[in-house]
Structure formats: structure tokens, C-alpha cells
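Structure first, commentary second.
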Amino acid sequence: MRCPSAVICHFFIPMSTQKHAFQAEVAQLLHLVTHSLYSHPEIFLRELISNASDACDKLRFEALADASLYGDQPALEIRIAIDKDARTITVTDTGIGMSEAEAVEHLGTIAKSGTREFMSKLSGDQKADAQLIGQFGVGFYSGFIVAERITVESRRAGLPPESSVCWRSTGAGDFEVEAITRAERGTSVTLHLREDALEFADDWRIRELIGKYSEHIALPIKMEGQKWEESKQEGQPGRMVKTGEWETVNQATALWTRPKKDITDEQYTQFYEQTTRDWQPPLAWTHNRVEGSAEYTQLLYLPAHAPMDLWEREHKSGVKLYVRRVFIMEDAEQLLPRYLRFVKGVVDSADLPLNVSRELLQQSRDVRAIRDGNTRRILGLLEELAKETGPTADKADDDKASGDKPIAPSDKYATFWREFGAVLKEGLGDDHANRDRIAGLLRYASTQSDAPAVSLADYKARMKDGQKAIYYLTADTLAGARSSPQLEIFRKKGIEVLLMTDRVDEWALSHLHEFDGTPLQSVAKGAVDLGELQDEAEKQALEAAAEHIKPLLEKLKTALKDQAEDVRVTTRLVDSPACLVAKDADMSLQLARLLKQAGQPVPDVKPVLEINPEHPLVKKLDGSPHFDDLARILFDQALLAEGGLPDDPAAYVRRVNALLV
Ligand code: ADP
């Protein structure tokens with residue numbers, strides 16, 4: 001039996017109707033969606049169109065392997081019908097459709113663990129919150145913002161008409177499904193509008209929203225044509241009537257196939273927002289037709305903010321693959337290296353076969369050429385942004401739906417770096433061929449700059465006469481880095497040190513040994529050799545002190561033989577009595593700690609304790625009756641200052657207290 005709307009179904013109550021409770025998360029989410037997003041009800045249309053478009057993409061993809069899925073209906077399209085009298089709006093697509101089991105699963109549960117995260121991200125600012133919904137795979141439920149009831153009819157491609165399904169719900173607690181017969185492949189979602197949402201039963205309002213949100217969906221979106229009809233009775237006003245013909249109301253062309261000069265910045269931005277479901281205009285884009293050994297078009301965007309799942313292993317790449325304008329697949333991760341996984345956009349290849357699979361992509365030489373080309377373009381775009389010039393997207397429109405203030409060109413690279421810098425750094429280890437270009441894009445905080453804005457080139461330009469290395473320090477936090485004893489001598493000499501606080505820094509820097517001919521040197525590793533920056537008198541004083549202090553060093557070595565690899569005198573300290581450093585060839589203490597926290601095996605290397613012979617505490621050590629305790633305290637304090645924890649914190653406290661008393 002057909003189920004054109006739930007009204008009719010009520011009369012039948014057939015035996016096959018089954019009630020299902022929503023999964024707890026869905027119920028919770030529905031409550032949230034309807035209560036927190038009601039001031040932006042219109043987003044439902046964007047979400048339903050986007051689902052319809054995804055469904056068509058899925059069919060196109062499955063049909064590459066089995067063309068019979070199209071049946072006798074090759075057209076892929078979206079139709080939107082409004083029935084003013086019945087107060088309904090119906091979004092129909094000729095896409096993949098759902099079987100009964102799929103309807104129960106997809107429209108009754110949320111697969112991803114995204115709900116909790118979605119809820120935790122809600123800010124109370126409805127405008128911002130409304131943008132989150134599409135990113136969490138919960139868009140369908142936004143229909144309940146405007147509908148008191150939703151009816152979905154669907155027939156899975158490849159299944160016969162009698163194996164179709166009707167799904168109904170009022171959005172409160174449960175839903176029903178029932179087997180129906182449906183002539184057409186695909187899905188119709190009918191919203192029974194609430195009293196306060198009748199504005200959406202208006203043809204012009206819907207056309208306006210399609211223009212705003214779905215202009216660049218690459219499928220035709222059709223609505224029934226209308227025409228003005230004069231009244232047959234004299235003196236009565238005329239009215240709009242439906243012509244019975246479907247007309248396409250969006251552009252439905254693939255933007256990237258048009259010549260660059262014909263596309264405005266606003267169109268580029270709109271295309272981005274509509275195809276990525278990102279609500280913020282992109283920072284910049286690059287659009288090129290490449291003709292060479294591989295022939296393809298690329299339209300790649302740099303987003304202005306990081307998605308929630310950027311660091312998750314299953315993070316999807318944002319580049320869609322088309323072959324001669326036919327959509328092939330989402331998140332084609334072969335098209336960009338992982339360290340550029342924040343890039344979004346489209347690649348349209350002229351060479352690949354239409355039935356290309358993910359496995360094939362991995363082996364294809366064409367794909368490798370595309371990947372190299374994409375990488376070069378993105379690095380070039382970043383270099384341009386870093387120079388604050390070039391064809392960037394700085395003409396963002398103020399009164400757009402997003403409403404976000406456009407980012408000034410000079411802030412763009414800073415924005416990029418804040419959002420994605422830590423990801424780009426992975427490239428130092430992963431992309432040897434482009435390592436130098438990536439190194440040029442790095443930015444760090446330093447002892448002379450709070451903002452992470454110092455490039456290696458800036459640093460080099462400021463190096464002191466006689467300085468032979470680029471010095472850096474890694475730590476958990478910027479504050480921790482700044483107060484590290486290891487910096488004391490550098491501060492005294494006015495030598496800049498780069499301060500690094502990303503977890504990836506240590507690993508990334510282990511792949512970058514020099515920049516433009518100058519070695520990079522961790523200040524927490526090996527003996528400090530400031531070379532020509534240290535004057536003769538200082539060197540001699542150190543040697544004299546070392547000689548004088550030799551017996552003390554021997555005693556310390558014995559007292560700390562389980563903790564320290566060696567104990568030696570240093571000039572790197574000014575105000576602190578001691579510090580810990582790693583031997584040159586060893587892993588830094590910071591990296592060892594990070595690995596340990598991550599549960600990874602760490603070689604058991606002991607640090608070197610360096611002491612400041614001029615410090616009163618060190619002077620007091622010799623001949624003290626508490627020598628062993630003082631030695632342990634000296635060591636544990638050096639560990640604390642460097643961001644570590646004593647092996648036995650309670651024993652440390654006991655020792656300090658004993659001395660205090
Ligand atoms: P998302 O689309 O982000 O996954 P939704 O809540 O919007 O999340 O939809 C849930 C699921 O329901 C979709 O993943 C899809 O499997 C199914 N679905 C929704 N709309 C359609 C449609 N028009 N055709 C086929 N399947 C659909």
C-alpha cells in the first residue's frame with residue numbers, strides 16, 4: 001500500500017507497522033536540536049538537500065560496479081514540492097534510497113560517537129551551533145525544528161517496488177516503519193510543518209534558501225513552475241498556480257570546470273561553504289587546470305578553522321575525486337599527503353578510469369602525479385599567504401549567512417598556523433622532497449616573541465655575530481619553557497631561543513637538522529658550546545672551577561649513580577644551581593616523557609646533571625652533614641624545573657621538609 005502521507009497511513013494501521021524507540025542519544029539530540037536551534041529553522045533545508053545529494057552520489061558510485069541499479073531511471077535529481085494546503089514540504093531524490101533495515105538504522109541511531117562531542121561543543125550561540133549540526137552526521141533530525149511530524153518513503157536501488165519502506169515519527173521518543181510499495185527509486189522526506197513554521201510552505205522562500213545554501217550542489221534541484229492566472233470572475237484578483245512542469249532552480253554546474261576569470265570570489269566562497277558544510281569562509285584557494293603527463297583540474301581550499309576530528313586517526317581527507325565531472329569518491333586520501341589533510345576541495349581527473357577503486361588509486365601513476373601537483377600548489381599557496389600577498393580570498397562578504405568577520409590578509413597566515421601548524425610540521429618527517437619548503441613555513445614563539453610568529457629565516461637574520469646554531473627548547477607549555485634554567489645563559493648573552501610546545505615538535509625537529517646551512521641545536525641536549533660567543537675569560541674560569549670542584553663532582557657522581565649518567569660543571573646556568581640535560585646522541589628528556597605518557601617503549605637513558613659552581617647551594621654542599629639528601633634534592637629540583645617529576649615525590653618532600661625543620 002502507498003503511504004503518500006502519514007494522514008492516510010493512520011487509516012490503515014496495517015499489521016506490518018513496527019514501532020521502534022529512538023536510541024537514547026538520538027532522543028537526547030532531538031531534544032537539543034529543537035530547543036537550541038529554533039532561531040535558525042531554515043537550516044533544515046540545507047541538511048535535507050545535502051542528504052539527498054549524498055544519496056545520489058552514493059548511487060552513482062555503486063552503479064559504477066553495477067549499472068543495473070539505475071533501473072529504467074537514469075536521472076539523478078532532487079525535487080522539492082510544496083503543498084500549501086496540506087502544510088507540507090517534500091524533498092525527493094532519485095538516489096540510493098534505504099531498505100527497511102537501513103531506515104531503522106540510519107534514522108533511529110547515530111553511528112558515530114559524535115553526539116556527546118556535538119553537545120559539548122554547543123555554545124548557546126544559536127548561529128554558531130546551527131553550523132555544527134551538519135558536521136556531526138545529525139542533519140536529518142534538524143527537520144524536527146520546523147516539523148511536527150516527518151514521513152520518509154524510500155526504495156533502495158536494486159530492490160523491487162514492494163520492498164519499500166515508510167518511516168514516520170513525531171520526533172518524540174519513537175518512530176514507526178512499515179513496508180510499502182513505491183514506484184520510484186530513492187527517497188522522499190515529507191515535513192508536516194508546525195504552525196510557527198508555515199513560512200516554509202512558500203515557494204519563493206524556498207527558492208531563496210536554495211540560492212543561499214545549495215546553489216552549487218552539482219545536481220539539478222527542481223521545483224514546480226508557477227504562473228500567474230487571472231481570476232475568471234471580473235473584479236477578483238488573480239493568483240499564482242502551478243504549471244505542472246518541473247524547472248531547475250539552482251546552477252547545477254560544476255564550478256571548477258568554468259574558466260577562472262568567470263568566477264567571482266563570492267562564488268568560490270559560496271561553493272566552498274555549500275560543498276564542505278563549513279560555515280566560515282575559506283582562508284584562500286587555488287584553482288588550476290593542469291596539462292602535462294597527467295591532466296586534471298584542482299580546486300583546493302584552505303579552511304579558516306580546524307575540524308573537531310583533525311587529530312583522529314579516522315579523520316577524513318576533504319578532497320573529492322571526480323573523473324570527467326562524474327563524482328567518484330569522497331575523502332580520496334591518495335590525492336594529498338597526510339600532513340595536508342586539512343585541505344578541502346575537488347580534483348577532477350581526465351585520465352583515470354570511471355571505475356577506479358581505492359586500491360587502484362594507491363597504485364596509479366596518474367594519482368601520484370596529481371598528489372605531487374596538489375602538494376606543490378598548497379605549499380605555494382601557503383608561501384604566498386606567509387608573504388601576505390597573492391590571490392587570497394580577502395573579499396569575504398559581511399552580510400552573508402555566516403556573518404563572520406572576514407580575516408584580514410595579514411592575519412591569514414597566523415590563523416592558518418594557529419589552526420594547522422602542528423599538522424604541517426608532520427611534513428618534516430613525512431615529505432623529504434619538500435622538507436626545505438616546509439621548513440620555510442614554520443613559525444615559533446621565542447625568547448623574543450610571545451606570538452608563534454618567528455620563522456627560521458627571521459631567526460637567522462637576528463643571529464649574533466659568531467653564533468653558529470639556531471637554538472631551540474621544547475617544553476609542555478610556553479610558561480614552562482620560559483622559566484627553564486637551560487635558558488639562563490642565552491638570556492644573559494641576549495641570544496634568541498625558539499620555544500616549542502607542540503607535542504609533534506621533538507619528532508619533527510629530529511628530521512630537520514639544519515636550515516639554510518645553519519644547524520639546529522636543542523639547548524637541552526649536550527654541553528653548551530656557545531663557541532665564539534663565550535669569551536676567553538669565561539672559558540678559563542670554567543676550567544678553573546672544574547678543577548677546583550673535581551672532588552665534589554666525584555662525590556655527587558657516587559651519591560647519584562642511580563639517577564645521573566654524569567655530573568659536570570656548566571656555564572649555562574646563571575641563577576639556578578643545577579639542571580638536567582640529555583647527552584647529545586640521546587633522546588631529549590621531554591620526548592622520553594611524551595613517549596612514556598603515550599605508553600610507548602622508551603630506552604632507559606639517564607640524564608646528565610650539570611651544576612653551577614657559583615651557586616651558594618652548590619658551595620654549601622661540600623662538607624655538609626646532609627650531603628646525600630642535598631644531592632638528591634638538587635637532582636629532583638632540576639627534574640622539576642625541567643617539567644619532570646621525581647621518581648619518589650613523597651621522599652623528595654620528606655627530604656626538603658627535614659631540611660626546613
Ligand atoms: P549524515 O547525513 O551526516 O550521515 P543524517 O542524520 O543527516 O546524518 O542522516 C543519517 C543517515 O540517514 C545518513 O547517513 C544516510 O545513511 C541516511 N539518509 C538520510 N537521508 C537520506 C536520503 N535522502 N537518502 C538515503 N539515505 C539517507
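In each ligand, atom 1 is the first atom listed, and ligand 1 is the first ligand listed.
Between D54 and ligand 1, a contact under 3.5 Å exists for no N or O pair. For the pair H106 and ligand 1, the shortest N or O to N or O distance falls below 3.5 Å. Checking only distances, M98 never comes within under 3.5 Å of ligand 1, N or O to N or O.
Atom 15 (C) of ligand 1 has its nearest heavy-atom neighbour, among K58, E102, R156, in K58.
Contacts with ligand 1 closer than 4.0 Å are made by no heavy atom of V91, backbone or side chain.
For the pair R324 (side chain) and A350 (backbone), a donor-acceptor distance under 3.5 Å is present. In terms of modelled atom types and a separation under 3.5 Å, the side chain of R341 and the main chain of R338 share a donor-acceptor contact. Side-chain N or O atoms of T17 include none that pairs as donor or acceptor with a backbone N or O of E178 at under 3.5 Å.
The atoms of ligand 1 that sit less than 4.0 Å from any heavy atom of L107 are 12 (O).
Around the CZ atom of R377, the shell of radius 6.0 Å holds no more than 12 heavy atoms that belong to other residues, nucleotides or ligands.
Ring planes of H287 and Y268: perpendicular class, angle over 60° (limits at 30 and 60°).
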